[in-house]
Participant: 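The structure is given below, and queries will be raised subsequently.
All ligand and atom numbering here is 1-based and tracks the order in the structure. A quick note: this is a predicted structure, and the numbers were derived from the prediction, not measured.
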Amino acid sequence: MLTVVEHPCISAKLTIMRDKNTPHREFRNCAEEITKFIAYEALKNIELENVEIETPLEPMIGKKVKNEMILIPILRAGLGMTDTILDLIPTARTGFVGLYRADDHETIVEYFCKLPECNKDALAIIVDPMLATGNSLVAAIDLVKKHGFSKIIAITILSAPEGVNEITTKHPDVKLYTGALDRGLNENNYILPGLGDAGDRIFGTK
Ligand code: URA
């Protein structure tokens with residue numbers, strides 16, 4: 001299921017990210033801020049449980065997050081979304097999935113996978129700024145499921161309809177949250193109008 005998180009701040013910051021003249025520091029800041037907006041929405045319905053506490057004045061029943069959460073950035077661009085989500089849920093554990101698109105721009109190569117050893121009830125939050133063909137995210141979800149996790153959400157900043165279609169077809173149980181749905185893909189599977197290569201722009205590689 002897809003949720004496009006609509007908010008004027010997301011639109012404005014995304015416009016800054018799309019602008020090819022935006023320097024990498026500003027690009028990265030905007031990516032972090034947009035991620036926070038989307039994560040607020042994505043985490044809106046997580047399960048809470050009662051906890052007994054005492055305020056300075058009296059006892060009360062408060063709430064705490066019921067299940068563990070694991071954050072899984074897809075390397076490398078997903079790293080640009082990691083710290084901001086850890087600010088929101090500092091108790092989350094972090095796992096890493098390393099995938100890259102081969103020169104044919106199609107084949108996905110897995111080069112790293114390290115997921116936390118924790119209760120399989122944990123909510124797995126996979127993050128990657130760009131959902132283009134959906135091949136990387138499908139591969140990441142496959143891996144996360146293979147490790148026994150079944151509660152999975154995915155957060156992207158920008159998505160193409162082709163990628164959304166791929167996820168909703170292959171992993172209909174995964175809730176997908178994104179900041180905007182663009183027009184489609186070009187012949188090299190870049191999102192149009194898009195924002196270019198998110199990893200390069202976050203880290204200033206090019
Ligand atoms: N990955 C990117 O960084 N940008 C795209 O447009 C598509 C995939």
Participant: Taking the side chain as everything from C-beta on, heavy atoms only, tell me whether H171 gets closer than 4.5 Å to V138.
Facilitator: yes
Participant: L185 near ligand 1, heavy-atom distance under 4.0 Å?
Facilitator: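 In this structure, L185 fails to qualify as a contact of ligand 1 - no heavy atom is under 4.0 Å.
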Participant: Touching ligand 1 at all, A160? Heavy atoms, strictly under 4.0 Å?
Facilitator: no
Participant: Can you name the atoms of ligand 1, numbered from 1 with element, that are less than 4.0 Å from a heavy atom of N189?
Facilitator: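 Those qualifying, in numeric order: 7 (C).
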Participant: Just need the protein heavy atom nearest to atom 4 (N) of ligand 1, so name the residue and atom and give the distance.
Facilitator: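 Protein heavy atom with the smallest distance to atom 4 (N) of ligand 1: G196 O, 2.8 Å.
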Participant: How far is atom 1 (N) of ligand 1 from its nearest protein heavy atom, and which residue and atom name does that atom have?
Facilitator: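 So the nearest neighbour among protein heavy atoms is M130 CB, 3.7 Å.
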Participant: Are R76 and T205 side-chain neighbours, meaning at least one heavy-atom pair lies under 4.5 Å?
Facilitator: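 In short, these two side chains touch, coming nearer than 4.5 Å.
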Participant: Do L131 and L176 make a side-chain contact, defined as non-hydrogen atoms from C-beta onward lying under 4.5 Å apart?
Facilitator: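 Of all side-chain heavy-atom pairs linking L176 with L131, at least one is under 4.5 Å.
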Participant: Give the residue, atom name and distance (to 0.1 Å) of the protein heavy atom nearest atom 5 (C) of ligand 1.
Facilitator: Y190 CD2, 3.4 Å
Participant: For ligand 1, does A198 get within less than 4.0 Å through its side chain, its backbone, both, or neither, judged by non-hydrogen atoms?
Facilitator: both
Participant: For the backbone of L195 and the side chain of R201, can you confirm whether one donor and one acceptor N or O come within less than 3.5 Å of each other?
Facilitator: yes
Participant: Show which atoms of ligand 1 fall inside a sub-4.0 Å distance from at least one heavy-atom site of A132.
Facilitator: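 Near A132, meaning under 4.0 Å from one of its heavy atoms, ligand 1 has 7 (C), 8 (C).
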Participant: Any idea which protein heavy atom is nearest atom 8 (C) of ligand 1, and the distance to it?
Facilitator: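 The protein heavy atom lying closest is R101 NH2, 3.5 Å.
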Participant: When you measure from atom 6 (O) of ligand 1 to every protein heavy atom, which one gives the shortest distance, and what is it?
Facilitator: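 Nearest protein contact, heavy atoms only, for atom 6 (O) of ligand 1 is I191 N, 2.8 Å.
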Participant: For ligand 1, does D200 get within less than 4.0 Å through its side chain, its backbone, both, or neither, judged by non-hydrogen atoms?
Facilitator: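 Within the 4.0 Å criterion, D200 makes no contact with ligand 1.
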Participant: Using modelled atom types only, decide if a donor and an acceptor are shared between the side chain of R93 and the backbone of I70 within a distance under 3.5 Å.
Facilitator: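 Checking the backbone N and O of I70 against the side chain of R93, no donor-acceptor pair under 3.5 Å is found.
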Participant: Taking the side chain as C-beta and beyond, is there a heavy-atom pair between K66 and L48 under 4.5 Å?
Facilitator: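 Not in contact.
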Participant: Report yes if the side chains of I191 and L185 come closer than 4.5 Å at any heavy-atom pair, otherwise no.
Facilitator: yes
Participant: Would you indicate whether the side-chain heavy atoms of Y111 and L75 approach each other to under 4.5 Å?
Facilitator: yes
